Engineer: 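To start, I am sharing the structure in question, which I have written as structure tokens.
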Amino acid sequence: MEKKRLDDHEAATISSPRSLDRFGFLVRPDASTSDGLVKSRSAQFERIREDRRVRKWRKMIGVGGSDWKHYLRKKPHVVKRRIRKGIPDCLRGLVWQLISGSRDLLLMNPGVYEQLVIYETSASELDIIRDISRTFPSHVFFQQRHGPGQRSLYNVLKAYSVFDRDVGYVQGMGFLAGLLLLYMSEEDAFWLLVALLKGAVHAPMEGLYLTGLPLVQQYLFQFEHLVQEHLPKLGEHFAQEMINPSMYASQWFITVFSYSFPFHLALRIWDVFLFEGVKIVFKVGLALLKYCHDDLVKLPFEKLIHALKNFPQDAMNPDILLPLAYSIKISRRLEELRQEYEKKNGKITQSREFTEEQTVQRL
Amino acid sequence: MARSDEEYDYLFKVVLIGDSGVGKSNLLSRFTRNEFCLESKSTIGVEFATRTLEVEGRTVKAQIWDTAGQERYRAITSAYYRGALGALLVYDVTKPTTFDNVGRWLKELRDHADANIVTTLIGNKTDLKHLRAVASEDARTYAEKEGLSFVETSALESINVDKAFHTILAEIYRIISKKSLSSSADAAAAATLKEGKTITVAAPHPNAKDGKPCCSS
Ligand SMILES: Nc1nc2c(ncn2[C@@H]2O[C@H](COP(=O)(O)OP(=O)(O)OP(=O)(O)O)[C@@H](O)[C@H]2O)c(=O)[nH]1
Ligand SMILES: [Mg+2]
């Protein structure tokens, strides 16, 4: 009887074993995956190349990351170049913690995460629960209701919402936490989130989530100007069709491309993002528009919006898109535009001053 | 004869608002693509979809903006109320707090939308009968008091979804066709609807002069 029911179930839903891509996302039968690209090349050649890369990386970071700081100080350009080529997947979790500064935060704050998860309560608990099953719903790790994936996602988000009650929980943060949890433990993911939002290495990201979403507004302002300057014809077309970046780019900034972009591309962007900062989000955004420029300038309003949310497969190839992004120079203009925005709108105030010592003191 | 998607008599911009998780995105996907997704992602910012249909014998293209429901997102989503002719204000019949918040959403509309925006109250998820916590009568009474039309829907079971959209589009149509009869200035405004971009019927919104990028389209 029991057996029979199982069979029925299988026949109905998993007649062929559920197929997952190499990152654990469910593959729809009709979807052509990026893996096709890799498979068509000589698999053996790929493996040898990958092994060589991993060996180089292991040497660079040392056992458990012991040589990392030394290497980084000695050869920052080598590190930057290697990261831009992509961090080997098996080392990604560790390297992300090293380059984001989260490893240091973790070591300086033993027991803090546990305290936040177990003993504190958060005003955002219901909001977080409501979104848990709506975060990476097509990934095996997060699919099972109340499974380990959903539980750890909940814990990290709840802990953060207690850690910084001004930010609390905002839709979108789950995608950051979810992506991190695929590469590290709950506690590590939590501290990486802290490092990003509080600005351990780069400018703090918390303004993306504070009341009024001030940093989203600033980034959209900067992005709009960069589009007009780097792609004037497209910029003009956008203006004519009354397209503004809040219609398509808010998600890019709020979730650092983790919301709707192919996962293999999101990971490559995150490698660079954690090392070089938010500049890469602007660059990738511009690169996408540049790559699709000739199609986009022809489209009327509605088709344009659709195209800006559904870029073609070939534009999503990291080995094409990222070199294009690296070639776009924006640092100086980005800074000027930030100042211009601040002059008009005032400086974005942070939720709290943050120093590493304070983290400990406060808790 | 079926007309192509590009031909229409009117273009109406409508916004979907209401608390997070009440089912706005699924109502939209049900209406525009006849799809429902139990595992949909929460909306970040705004999404957009259209559908062209017959309303009172006219071909109307509904241009629908779906917004993120979480309060903090209003900082970006409220810009999209501008120029909207209709608002579908959704709550979840199984979650009383989402109904309690309807008043706050109406205030949002008063603060950011055009004064004569047509608003329909929607109680979604009627398929969850055993979990219902907001009685139809209470909601209907409230809607009448506030001058809103009211429909209960299930995006999951595809109940009343077309009706909800139809109701608001028909109401907008009636107001606009009445206006274009009564004043030539408004007639000109209504006529521009056909162009597919200018869809504000009322006078320019006061916010229009602050130089911020315009989000209506
Ligand atoms: N049973 C039932 N579930 C529904 C219905 N409509 C939506 N849902 C579910 O409710 C959850 C939230 O739906 P969404 O459409 O994402 O909600 P939303 O209002 O767009 O939420 P935000 O994007 O966060 O503002 C999802 O899990 C849906 O599957 C319905 O009619 N019946
Ligand atoms: Mg939604």
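Numbered from 1 within each chain, the chains take letters A, B, ... in sequence-line order. The figures here come from the full heavy-atom set of this structure, side chains too, leaving out hydrogens, waters and symmetry mates. Not measured: the values here are computed from a predicted model.
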Engineer: I need the A/Q217 CD to B/I76 CD1 distance, nearest 0.5 Å.
Structural biologist: 7.0 Å
Engineer: Please round to the nearest 0.5 Å and tell me the distance separating atom CD of A/E302 and atom CG of B/L11.
Structural biologist: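 A/E302 atom CD to B/L11 atom CG measures 6.5 Å (nearest 0.5 Å).
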Engineer: Examine whether an atom of A/T135 lies under 4.5 Å from a heavy atom of chain B, and if so say whether it belongs to the side chain, the backbone or both; otherwise answer neither.
Structural biologist: neither
Engineer: Look at the side chain of B/Q70 and the backbone N and O of A/Y169, then say whether any donor-acceptor pair between them is shorter than 3.5 Å.
Structural biologist: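 Yes: the side chain of B/Q70 pairs with the backbone of A/Y169.
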Engineer: Supply the atom-to-atom distance B/K41 NZ to A/R134 CZ, rounded to the nearest 0.5 angstrom.
Structural biologist: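 That separation rounds to 12.0 Å.
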Engineer: Classify the angle between the aromatic ring planes of A/F301 and B/W65 as parallel (below 30°), tilted (30 to 60°) or perpendicular (above 60°).
Structural biologist: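 The arrangement is tilted - the two ring planes meet at 30° to 60°.
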Engineer: Look up atom CD in A/Q171 and atom CZ in B/R72, then write down how far apart they are to the nearest 0.5 Å.
Structural biologist: 11.0 Å
Engineer: Counting heavy-atom pairs closer than 4.5 Å to chain B, which one of A/D127, A/I254, A/D131, A/V170 comes out on top?
Structural biologist: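 Winner by heavy-atom pair count: A/V170.
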Engineer: Where the side chain of A/Y259 meets the backbone of B/S42, is there a donor-acceptor pair that is under 3.5 Å apart?
Structural biologist: yes
Engineer: Using non-hydrogen atoms only, which part of A/F175 is less than 4.5 Å away from chain B: side chain, backbone, both, or neither?
Structural biologist: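 The side chain, not the backbone.
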Engineer: With a 4.5 Å cut-off on side-chain heavy atoms, are B/F48 and A/H306 touching?
Structural biologist: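 Not in contact.
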Engineer: Using heavy-atom distances under 4.5 Å, tell me whether B/E47 contacts chain A through its side chain, its backbone, both, or neither.
Structural biologist: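 Both backbone and side chain of B/E47 come within 4.5 Å of chain A.
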Engineer: Does A/Q228 have more than 12 heavy atoms from other residues, nucleotides or ligands lying within 6.0 Å of its CD?
Structural biologist: yes
Engineer: Shorter than 4.5 Å, heavy atoms on both sides: which option in A/S250, A/G212, A/P137 has the most such pairs with chain B?
Structural biologist: A/P137
Engineer: Can you confirm whether A/K233 is buried at NZ, in the sense that more than 12 heavy atoms of other residues, nucleotides or ligands lie under 6.0 Å from that atom?
Structural biologist: no
Engineer: Is A/L213 in contact with chain B via its backbone, its side chain, both, or neither, using a 4.5 Å heavy-atom distance?
Structural biologist: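 A/L213 touches chain B through backbone and side-chain heavy atoms alike.
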Engineer: Can you tell me how far NZ of B/K95 sits from CG of A/L126, rounded to the nearest 0.5 angstrom?
Structural biologist: 9.0 Å
